[in-house]
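These notes concern the structure reproduced below.
A, B, ... follow the sequence lines: proteins, then strands. Residue 1 opens every chain. Below, all heavy atoms of this structure are taken into account, side chains as well, without hydrogens, waters or symmetry copies.
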2 protein chains.
Amino acid sequence: MAADVTSIAVREIGSFHIGGTMETLSGLPRRQRVSTRGGPIHEIDPNGELMVGQMYVQYVRLSAPKCPLPLLLWHGGGMTGVNWETTPDGRPGWQMFFLRAGFDVYVSDAVERGRASWAPYPDIYDGAPFFRTAREAWEETFRFGPPGSWHADPARRQPHPDARFDAVYMETFMCQCVPRWEGNNARTQAAYDQLLAKLGESIVITHSQGGNFGLTAALHAPTRVRAVISLEPSGAPDPDEADAALLRDVPHLFLWGDYLDRHAFWVHSVPNVRRWHDALRAAGGDSEWIDLPARGIRGNTHALMADDNSDDLATIVLDWLQRHGLV
Amino acid sequence: MAADVTSIAVREIGSFHIGGTMETLSGLPRRQRVSTRGGPIHEIDPNGELMVGQMYVQYVRLSAPKCPLPLLLWHGGGMTGVNWETTPDGRPGWQMFFLRAGFDVYVSDAVERGRASWAPYPDIYDGAPFFRTAREAWEETFRFGPPGSWHADPARRQPHPDARFDAVYMETFMCQCVPRWEGNNARTQAAYDQLLAKLGESIVITHSQGGNFGLTAALHAPTRVRAVISLEPSGAPDPDEADAALLRDVPHLFLWGDYLDRHAFWVHSVPNVRRWHDALRAAGGDSEWIDLPARGIRGNTHALMADDNSDDLATIVLDWLQRHGLV
């Protein structure tokens, strides 16, 4: 089933921030600044109250949604909601796919990312951020090519031979990356939990680092989260600490691409997620684990929503939602 | 004229980044990170190529735009494109207003802001960023209250008595603020110029720091920029350095709110912009300077697109565009 390419009737496009508290800086020296080319020098006092811990959410509400539940798209680490928009190769992304499928879609930028803003370190955040290098994206996290295959010269990069992310779009992909910190898990989880409290019953689709937040949000609000779809989550709750039985009525779907056994980060991460999936099933839950290569779908990288078959993968998710009576 | 509240037919919502180059970091120590709660410790090499200088642009393209020209919304300093979305008090913002008026609307996050991402300092950016404090926003830049009137306790804040920004939404407003740097004017201007080169003939609406970028972009491409609407620009080209006659065929509109004579930053900034307006007119250009209080519209802060009469102000702009045959 291909995405419908006709227009959509939109009631409203809008946004809000959720979470966040005013925190106070003090004892910092004053600074001088010129705020526009040719403008006056003026003094800046960095001390005072500023907002910390807010998350950004942009929504597109349809005039006549087919599904009564909002569909929430939560990005991964070092990324923003842009991941769900136009793909690096210029095709409509999952945001448009699910709008055309009849959902009101809410795309967030988690705490510290994109339009959510970030706070000073070490004053408020614990330490310095991590910036994604192209090598890390290529060889490790996103599995575009095997370890050792990245090269600054585009002509000398060696992607996985059948990779579904076209290497010519690597620079475009890198434009989407934003810095990340290690110490904001609690702030981020709190903001996602507040988002669900605000919206009520919702469908949550996550990617990568967003996975652990989505799976945990379901644990925190099993009556609000009506389904959790996790695209290659990098982590999951620990079944020795969390009670999977709370989620007996919340269907879960896990979707996995190719080359997972060839990249150390994923070799170490997937078993943690598998334990949670197994715990959900052992507790009588409805959890499905889709290994795309086992279905004959080869070449998917970690950028599942950007790969050349992104619409096909969205269709797998849509079919699963339909089978679960959610659209 | 009130904004139409019926639905809009949307062809596509999407986004892209423009500008940006791969730059290389070297000589930095490796770090360790846990990327998800309970996940494995893995080593991060911060050295390598990363993307620097890109700008983010999100577009909403209508099925049947009334105006053939895209309308570009460029935010101000320490802000992102969120400024044009839902107002802090929850009403549709200028993005929705101009969509309903029949324009394809392109909202950008400038270099270093929001979904455009930012680069390491001092490795790539010159120095540390500036974070907006609530006091600076309240007393100086946004003129919500007079100097000395900010207080951390909401009950003790003293806004300008007739201010059109309701103080109860101050925390919501602060959620929209992002850090800014002083040294990225050239990168930002380059990205805006590239955006116009990509889109061709366009209408540019700017706010605050975005003003100087918009006025300069018109100078750089006077056949592409069909009109420049500047909401309280904080700066403008210097008529001793730039040739205003190049813009004889590009209509300009400047829109100004209240209390400008009571805040030092604006006392020092407005004359620089006035000189450019006067130069445009002296060169035979079409430049209009609207002082809202002089028209009997009192109480507008620097947050013109968030004030309680934001739709009325957008209507002033729309009428001006209509008078200039641009819609």
Quick check for you: among B:Ser269, B:Gly211, B:Pro129, which has the greatest number of heavy-atom pairs under 4.5 Å with chain A? B:Pro129
From CD1 (A:Ile18) to OG1 (B:Thr172), nearest 0.5 Å: 11.0 Å
May I ask you to name which of A:Met55, A:Gln95, A:Gln58 has the most heavy-atom pairs under 4.5 Å with chain B? A:Gln58
Given heavy-atom pairs under 4.5 angstrom as the criterion, report whether the side chain, backbone, both or neither of A:Trp181 touches chain B. side chain
A:Phe131 and B:Ala119: which non-hydrogen atoms are nearest, and at how many Å? CE2-C, 3.7 Å
Search all heavy atoms of B:Asn212 against all heavy atoms of A:Thr36 and return the closest pair with its distance. ND2-OG1, 2.9 Å
Is it the backbone or the side chain of A:Ser35 that comes under 4.5 Å from a heavy atom of chain B, or both, or neither? both
Decide yes or no for A:Pro179 and B:Trp118: does some side-chain heavy atom of the first lie under 4.5 Å from some side-chain heavy atom of the second? yes
Would you mind telling me which of B:Cys175, B:Ala128, B:Gly81 has the largest number of heavy-atom pairs within less than 4.5 Å of chain A? B:Cys175
What part of B:Thr216 gets closer than 4.5 Å to chain A, counting heavy atoms only: side chain, backbone, both or neither? side chain
Toward chain A, the part of B:Leu99 with a non-hydrogen atom under 4.5 Å: side chain
Can you say whether B:Phe173 sits under 4.5 Å from chain A via the side chain, the backbone, both, or neither, judging by heavy atoms? neither
Contact origin within B:Asn272 toward chain A - heavy atom pairs under 4.5 Å: side chain
With respect to chain B, which residue among A:Asp109, A:Thr24, A:Val273 yields the maximal number of heavy-atom pairs within a distance under 4.5 Å? A:Asp109
Compare all side-chain heavy atoms of A:Ser7 with those of B:Val10 and state whether any distance is below 4.5 angstrom. no
Taking the side chain as everything from C-beta on, heavy atoms only, tell me whether A:Pro92 gets closer than 4.5 Å to B:Glu12. yes
For A:Gln32, which atoms come within 4.5 Å of any heavy atom of chain B: side chain, backbone, both, or neither? backbone
What residue, out of B:Glu171, B:Met79, B:Arg132, B:Glu182, has the most heavy-atom pairs lying under 4.5 Å from chain A? B:Glu182
Side-chain contact, heavy-atom cut-off 4.5 Å: A:Val60 with B:Ile13? yes
Between A:Met96, A:Arg135, A:Gln209, A:Arg180, which residue shows the highest count of heavy-atom pairs closer than 4.5 Å to chain B? A:Arg180
Result for side-chain hydrogen bond (donor to acceptor under 3.5 Å, both in side chains) between A:His42 and one of B:Glu140, B:Glu136, B:His268 points to B:Glu140
Using non-hydrogen atoms and a 4.5 Å limit, figure out which bit of B:Ile8 sits close to chain A: side chain, backbone, both or neither. both
Any side-chain heavy atom of A:Glu49 sitting closer than 4.5 Å to one from B:Trp150? yes
Quick test of your reading of the model: are B:Glu85 and A:Arg115 salt-bridged, counting only N-O distances below 4.0 Å? yes
Would you say that B:Val82 contacts A:His17 through its side chain, given a criterion of any heavy-atom pair below 4.5 Å between the two side chains? yes
Would the distance check show the side chain of B:Thr86 and the main-chain N or O of A:Ser15 forming a donor-acceptor pair, the cut-off being under 3.5 Å? yes
To the nearest 0.5 Å, atom CD of A:Glu139 lies from atom CG of B:Asp45 at 10.0 Å
Given a strict heavy-atom distance threshold of 4.5 Å, which part of A:Met174 is in contact with chain B: side chain, backbone, both, or neither? both
Rounded to the nearest 0.5 Å, the OG1 atom of B:Thr141 sits from the CD1 atom of A:Ile44 at a distance of 7.0 Å
Polar side chain donor-acceptor pair, A:Gln189 to B:Arg37, under 3.5 angstrom: yes
Who among B:Arg113, B:Arg33, B:Met22 has the most heavy-atom pairs with chain A under 4.5 Å? B:Arg33
Any side-chain donor near an acceptor of the partner, B:Gln176 and A:Gln54, under 3.5 Å: no
Heavy atoms only, distances under 4.5 angstrom: which of B:Pro40, B:Gly39, B:Gly90, B:Gly14 has the most pairs with chain A? Name it, please. B:Pro40
Quick one: which of B:Gly19, B:Ala236, B:Cys177, B:Gly114 has the most heavy-atom pairs under 4.5 Å with chain A, could you say? B:Gly114
